[in-house]
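So that the names make sense, note that chain A is the first sequence line, chain B the second, and so on, each numbered from 1. Remember, predicted model here, so these are calculated numbers, not experimental data.
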There are 2 protein chains.
Amino acid sequence: MEARLATPVPGRDRVNRGTTDTRHRLIEAALVEFAAHGYDGASTRAIAASAGTHQPQINYHFGSKHELWRQCLERLLTELDDTIAAHVQGISRPDEPAVLAGIVRALVTFASRRPELNRIMMHEGTAPSDRLAWLVDTHLAWRQRDLARRWNRLRDAGVAAPVPVNVVHHLLIGAASLLYANAPEARLLGLEPDASTTVTGHANGLVSMLLPGL
Amino acid sequence: MEARLATPVPGRDRVNRGTTDTRHRLIEAALVEFAAHGYDGASTRAIAASAGTHQPQINYHFGSKHELWRQCLERLLTELDDTIAAHVQGISRPDEPAVLAGIVRALVTFASRRPELNRIMMHEGTAPSDRLAWLVDTHLAWRQRDLARRWNRLRDAGVAAPVPVNVVHHLLIGAASLLYANAPEARLLGLEPDASTTVTGHANGLVSMLLPGL
DNA sequence: GTCTATAATTAGATAGAC
DNA sequence: GTCTATCTAATTATAGAC
């Protein structure tokens with residue numbers, strides 16, 4: 001593993017910043033490390049250093065690395081739901097096609113602003129584990145079923161592209177998020193995943209591909 | 001990291017299987033481990049055990065974990081090129097739209113049969129590293145440029161969907177491969193990424209989405 | 001609640017017998 | 001070329017001072 005960070009709170013000793021503040025900084029630092037290097041590749045020392053504190057704080061505040069990871073995902077999925085809700089509420093005439101278009105735009109927007117969720121999902125999805133089983137049972141299954149129901153109705157109505165229901169979830173998530181999940185790679189290729197023109201062009205193109213009858 | 005494997009060649013001692021045989025078995029085992037757990041998460045001990053040999057064999061045959069990883073990618077990318085070539089050669093009238101359709105079908109087919117390449121790419125693309133820089137320089141950049149040129153011509157001809165060139169590479173790869181890269185997740189969701197009906201439906205749907213004017 | 005010190009385990013790489 | 005034994009460094013988690 002490449003060297004990354006080693007600054008363990010320079011100078012100040014035993015600063016009490018309150019429990020919620022340290023917890024939030026640890027979660028924010030952890031979700032970035034988990035996203036960049038995967039669960040096994042992320043070290044609790046690097047996370048603590050990035051949060052400006054020391055490694056044993058993780059076990060004090062969360063009990064274990066696993067529980068810290070779990071709370072990172074709760075945070076990220078809450079933010080995703082907030083983003084989707086905001087996009088869907090801003091629709092003038094909310095019929096079914098417009099709502100799905102709003103969800104697609106929300107997925108692209110969120111992936112660009114918070115690439116960490118899709119990065120972690122892509123790391124976890126490559127092998128069975130307790131973490132993956134928890135993710136699927138508590139957060140992924142109902143989302144996949146909800147999209148499948150919407151897709152079936154839109155296919156029947158003739159507005160959706162001829163994509164089978166059993167592949168549409170991963171096709172949509174992959175098409176919407178890989179550019180941002182793999183942003184370090186995209187930047188080396190000369191692309192600009194962070195540019196607002198990139199994101200809006202991406203969202204518009206994906207919506208018109210998925211819903212040609214809109 | 002979860003426990004996985006611990007069977008270190010039971011019984012037979014110092015069996016000389018020839019250098020190429022052991023090398024091939026190590027590469028095959030390594031690419032599966034790298035795909036499942038990422039570079040940092042994959043242990044050379046687990047790789048060697050899965051290949052039916054011992055951990056120091058990796059350094060004997062490859063010099064380092066990094067070089068083993070590099071040779072895994074050479075192997076996988078060669079197989080990808082073979083798959084694309086086979087799909088493109090089988091086209092009766094090879095005009096530009098038909099060739100791109102063949103490439104798309106090849107990407108979906110290969111992702112389903114050899115999910116390890118896309119898994120490793122998704123792991124590596126989430127953070128800068130020497131490995132990522134090597135991947136982009138020697139294997140990814142020309143592929144992205146080739147697709148961009150094809151896409152520009154097909155957009156001008158009016159057969160391609162209204163997707164900007166700067167996002168089409170990741171949109172296509174993500175849409176084509178996430179279902180198989182994250183197959184362990186998909187299976188927990190009740191999907192069947194390995195079924196031939198899934199793969200052909202996926203490929204057909206993606207082609208008609210990307211090339212509505214075909 | 002924060003910090004230092006450290007225990008217990010595991011990592012990749014090397015030396016040398018056969 | 002294969003195997004055992006081992007070195008050094010890194011990992012997560014814990015004990016206890018302040």
| query | Does B:T22 have a side-chain nitrogen or oxygen under 4.0 Å from the phosphate oxygens OP1 or OP2 of D:dT2? | reply | yes

Taken to the nearest whole Å, NE2/A:H37 to C1'/D:dT11 is 15 Å

It should be established whether A:H66 places a side-chain nitrogen or oxygen under 4.0 Å from OP1 or OP2 of nucleotide D:dT12.
no

A:H61 NE2 to C:dG1 P, in whole Å, measures 6 Å

Here the distance between atom P of D:dA10 and atom CG of B:D40, to the nearest Å, is 13 Å

Regarding the side chain of B:Q55, the nearest nucleotide among D:dT14, C:dT2, C:dG12 is C:dG12

With the side chain defined as heavy atoms from C-beta on, B:S43 is closest, among C:dG12, D:dT11, D:dA13, to C:dG12

Rounded to whole Å, the CZ-P distance (B:F34 to C:dG12) equals 9 Å

Result for 5'-nearest mapping on DNA chain C, choosing between A:R45 and B:Y60, is A:R45

Report task. Using only side-chain N and O atoms of B:T53, determine if any of them is under 4.0 Å from OP1 or OP2 of D:dT2. Result -> no

Quick check on A:E192: does its CD atom have over 12 non-hydrogen neighbours (other residues, nucleotides or ligands) under 6.0 Å away? no

Here the distance between atom P of C:dT14 and atom CD of B:Q57, to the nearest Å, is 15 Å

Show me the donor-acceptor pairs within less than 3.5 Å that the side chains of residues 167-183 of chain B make with the rest of the protein, sequence neighbours left out.
from   : atom 1 : to     : atom 2 : distance (Å)
B:H170 : NE2    : A:E185 : OE1    : 2.5
B:S177 : OG     : B:N118 : OD1    : 3.4
B:S177 : OG     : B:I173 : O      : 2.7
B:Y180 : OH     : B:H202 : ND1    : 2.8

Tell me whether the OP1 or OP2 atom of C:dT2 has a side-chain N or O from A:H54 closer than 4.0 Å. no

Next on the checklist: Is it the case that atom CD in B:E67 sees more than 12 heavy atoms from other parts of the structure closer than 6.0 Å?
Outcome noted: yes

Separation between CG (B:L132) and OG1 (B:T126), nearest 0.5 Å, reads 8.5 Å

Hits for salt bridge (charged side-chain N to carboxylate O under 4.0 Å, His left out) against A:E79, two or more places apart or cross-chain, chain-then-number order -> A:R114

Atom CD of A:E67 and atom P of D:dA13 are separated, to the nearest Å, by 11 Å

In whole angstroms, the gap separating P of D:dT12 from CD1 of A:I58 amounts to 8 Å

Rounded to whole Å, the CG-C1' distance (A:L26 to D:dT12) equals 15 Å

